[in-house]
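Down below is the structure, laid out as structure tokens.
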There are 2 protein chains.
Amino acid sequence: MAAVESTKQVSALGRALLSVLCRREATGYELSRAMSNSTDYFWTARHSQIYAELARLETAGLVRHTDIAAAGPRQSKRYAVTAAGRRSVLHWLRTEPEAHVDRDPVILRAHALWLLPPDEALEVLAGIEDASRERLTLYRSFERELDDDGQARTASHPDFGSWATVRAGIEFHQGRLRWCRDVRRRLQQEDG
Amino acid sequence: MAAVESTKQVSALGRALLSVLCRREATGYELSRAMSNSTDYFWTARHSQIYAELARLETAGLVRHTDIAAAGPRQSKRYAVTAAGRRSVLHWLRTEPEAHVDRDPVILRAHALWLLPPDEALEVLAGIEDASRERLTLYRSFERELDDDGQARTASHPDFGSWATVRAGIEFHQGRLRWCRDVRRRLQQEDG
DNA sequence: TCCAGCATGTAACCCGTTACATGATTAG
DNA sequence: CTAATCATGTAACGGGTTACATGCTGGA
């Protein structure tokens with residue numbers, strides 16, 4: 001008798017958690033620390049969501065926990081992917097990429113930018129530019145760390161995944177800066 | 001006595017709708033046609049959401065409708081921004097840009113890519129690349145149309161806003177293609 | 001003493017998607 | 001005759017954020 005392989009779909013958050021747990025075992029708290037700041041250009045989630053999703057993954061048989069002693073009042077739960085969990089990640093990687101709708105507030109502003117006088121529009125643009133520059137220096141320092149460590153060059157090492165996401169962040173913000181330059185040029189044509 | 005200026009915050013969708021209505025009056029149906037496909041790299045929403053949000057904007061006094069004859073059984077409602085609506089858009093444009101968390105499925109895949117053997121990872125990458133190339137040709141044709149029309153050069157013309165969003169889409173996918181190239185190189189280093 | 005960090009969890013709420021519902025006109 | 005398009009709307013549900021709750025340890 002084959003085990004009942006989760007008929008239910010794993011959510012995107014579930015995949016993100018599994019994908020982290022494929023690297024190393026972790027508690028919900030550790031996962032939430034790693035994912036509640038979006039500084040690593042990967043995936044964000046709050047602890048409230050993570051604890052709930054871990055429970056769901058466990059009933060689906062994709063992760064398993066062992067109780068460990070903890071500093072706080074409660075016991076801590078160390079989660080690990082099961083064989084079925086790893087299989088489900090690999091299966092997902094082999095399926096067609098899902099469509100992505102991005103609702104980016106910068107794009108909203110861009111769409112309404114014509115309503116502002118050019119000099120004010122330039123200010124808005126400068127704000128966007130500053131934010132992207134800041135992100136860029138952050139991601140670049142991450143990339144340097146990963147490159148110095150060397151493991152990110154090995155395609156089968158977890159660091160390769162980290163490098164790939166950080167690189168995507170870099171490329172994104174470089175693109176955004178180029179966009180800022182393009183828009184600025186047109187605004188200045190008008191202004192000058 | 002000054003009118004009670006909406007104490008409630010306008011949602012992102014609300015701002016998107018106002019920003020379209022600042023260009024031209026429109027019915028809910030027209031708005032939903034314009035926004036239900038994400039082909040113009042601006043903002044997406046379903047009609048169910050749009051009709052509800054328009055009602056909210058109206059009670060907040062930011063838009064106003066006039067009934068018009070329609071093809072269907074119901075009357076159609078043509079919406080227009082009010083002075084307060086236009087003010088609220090301008091006010092928002094002058095506030096600090098909000099942070100954006102993007103949960104991009106491509107990034108999720110990238111993070112887990114090390115789990116696949118290099119040749120399969122290359123296939124995944126090729127799929128991502130194809131999707132971005134397709135988008136790029138679409139957006140480039142939009143940009144050409146806008147540039148041919150000429151109005152997009154005028155910073156105070158609505159087309160300037162369209163051009164800016166389309167340009168952002170182009171820059172985004174160019175960045176993504178560069179990313180694909182970078183990742184592919186590292187994978188091939190491993191492979192070859 | 002008081003605050004930060006550890007370590008869970010629950011509940012209320014908002015935003016977005018999917019699906020249900022209605023009914024007229026027009027093109028095939 | 002049938003399907004698509006016009007043109008609204010409601011309801012159920014899932015994902016995500018914010019806020020509430022608990023209680024221990026270690027440092028300022």
Side-chain angles (χ1 to χ4, degrees), chain A residues 6-18 25-38 42-60 63 65-79 98-105 108, chain B residues 8-18 25-38 42-60 63 65-79 98-105 108:
Chain A
S6 61
T7 38
K8 266 216 186 168
Q9 294 286 3
V10 179
S11 69
L13 172 60
R15 291 193 293 266
L17 293 174
L18 287 173
E25 303 188 359
T27 65
Y29 188 77
E30 284 164 347
L31 288 165
S32 86
R33 258 189 326 178
M35 299 174 78
S36 62
N37 54 350
S38 78
F42 165 52
W43 202 265
T44 11
R46 309 286 171 167
H47 74 270
S48 54
Q49 224 189 329
I50 290 171
Y51 288 122
E53 184 63 33
L54 282 171
R56 249 170 272 139
L57 290 175
E58 186 149 44
T59 56
V63 301
H65 83 267
T66 52
D67 291 321
I68 56 171
R74 283 177 189 69
Q75 282 213 303
S76 195
K77 298 176 182 174
R78 180 161 300 280
Y79 283 91
E98 49 279 274
H100 174 41
V101 279
D102 183 15
R103 292 184 180 86
D104 186 339
L108 249 186
Chain B
K8 266 215 185 168
Q9 295 285 1
V10 179
S11 69
L13 171 61
R15 291 193 291 267
L17 293 174
L18 287 174
E25 304 188 359
T27 65
Y29 188 77
E30 285 164 347
L31 287 165
S32 86
R33 259 190 324 179
M35 299 173 77
S36 63
N37 55 351
S38 78
F42 166 52
W43 202 265
T44 11
R46 310 286 171 164
H47 74 270
S48 54
Q49 225 189 330
I50 290 171
Y51 289 121
E53 185 63 32
L54 282 171
R56 249 170 272 138
L57 289 174
E58 186 150 45
T59 57
V63 301
H65 83 267
T66 53
D67 291 322
I68 57 172
R74 283 177 189 69
Q75 282 214 301
S76 196
K77 299 177 183 175
R78 181 161 301 280
Y79 284 91
E98 49 279 275
H100 173 43
V101 280
D102 180 19
R103 293 187 181 82
D104 185 341
L108 249 186

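What you see is a predicted model; the values in this text were computed from it and never measured. Atom set for the values below is all heavy atoms of this structure, side chains included, hydrogens, waters and symmetry mates excluded.
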Between P of dA7(D) and CD of E30(B), the distance in whole Å
7 Å
Before accepting this row, confirm whether a basic side-chain N of the pair E98(B)/R15(B) lies closer than 4.0 Å to the acidic partner's carboxylate O.
yes
Below 4.0 Å: OP1/OP2 of dT8(C) and any side-chain N or O of T27(A):
yes
Would you kindly give the CD-to-P distance between Q75(A) and dC24(D), to the nearest whole Å?
15 Å
From CD1 of I68(A) over to P of dA7(C), roughly how many Å is that when rounded to an integer?
7 Å
Taking any heavy-atom pair under 4.0 Å as a contact, classify R78(A): base, sugar-phosphate, or nothing.
nothing
Could I get the full list of side chain to side chain contact (heavy atoms under 4.5 Å, CB included) partners for Q49(B), not counting sequence neighbours?
L13(B), A45(B)
Please list, one pair per line, the donor and acceptor atoms closer than 3.5 Å that link side chains of residues 28-36 of chain B to other protein atoms, with sequence neighbours excluded.
unit_1 : atom_1 : unit_2 : atom_2 : d
E30(B) : OE1    : T27(B) : N      : 2.9
S32(B) : OG     : Y29(B) : O      : 3.0
S36(B) : OG     : S32(B) : O      : 3.0

From dT5(D), dG9(C), dG9(D), pick the nucleotide closest to the side chain of H47(A)?
dG9(C)
Rounding to an integer number of Å, can you tell me how far I50(A) CD1 sits from dT17(D) C1'?
13 Å
Presence of S32(A) side-chain N/O under 4.0 Å of dA7(C) phosphate oxygens OP1/OP2
no
Under the side-chain hydrogen bond (donor to acceptor under 3.5 Å, both in side chains) test, residues paired with S11(A) that sit two or more places apart:
E53(A)
Rounded to the Å, how far apart are Y79(A) OH and dG9(C) P?
6 Å
For M35(A) and dG15(D), what is the distance between atoms CE and P respectively, to the nearest whole Å?
14 Å
Using whole Å, what does the distance between atom C1' of nucleotide dC6(C) and atom CZ of R33(A) come to?
9 Å
List every contact pair, protein side and nucleotides 14-18 of chain C side both N or O, where the distance is under 3.5 Å.
unit_1  : atom_1 : unit_2  : atom_2 : d
dG16(C) : OP2    : Q49(B)  : NE2    : 2.4
dG16(C) : O5'    : Q49(B)  : NE2    : 3.1
dG16(C) : O3'    : R103(A) : NH2    : 3.3
dT17(C) : OP1    : R103(A) : NH2    : 2.9
dT17(C) : OP2    : R103(A) : NH2    : 3.4
dT18(C) : OP2    : R46(B)  : NH2    : 3.4
dT18(C) : O4     : S48(B)  : OG     : 2.8

Whole angstrom value for the distance that separates P of dA7(C) from CG of L54(A)
15 Å
Residues passing the salt bridge (Lys or Arg N to Asp or Glu O under 4.0 Å) test with E25(A), sequence neighbours excluded, are none
Say you draw a straight line from NZ of K77(B) to OH of Y51(B); how long is it, rounded to the nearest 0.5 Å?
9.5 Å
Distance in Å, D102(B) CG paired with W43(A) CH2, rounded so as to fall on 0.5 Å steps:
8.5 Å
Check whether any side-chain nitrogen or oxygen of Y51(A) sits under 4.0 Å from OP1 or OP2 of dG9(C), and answer yes or no.
no
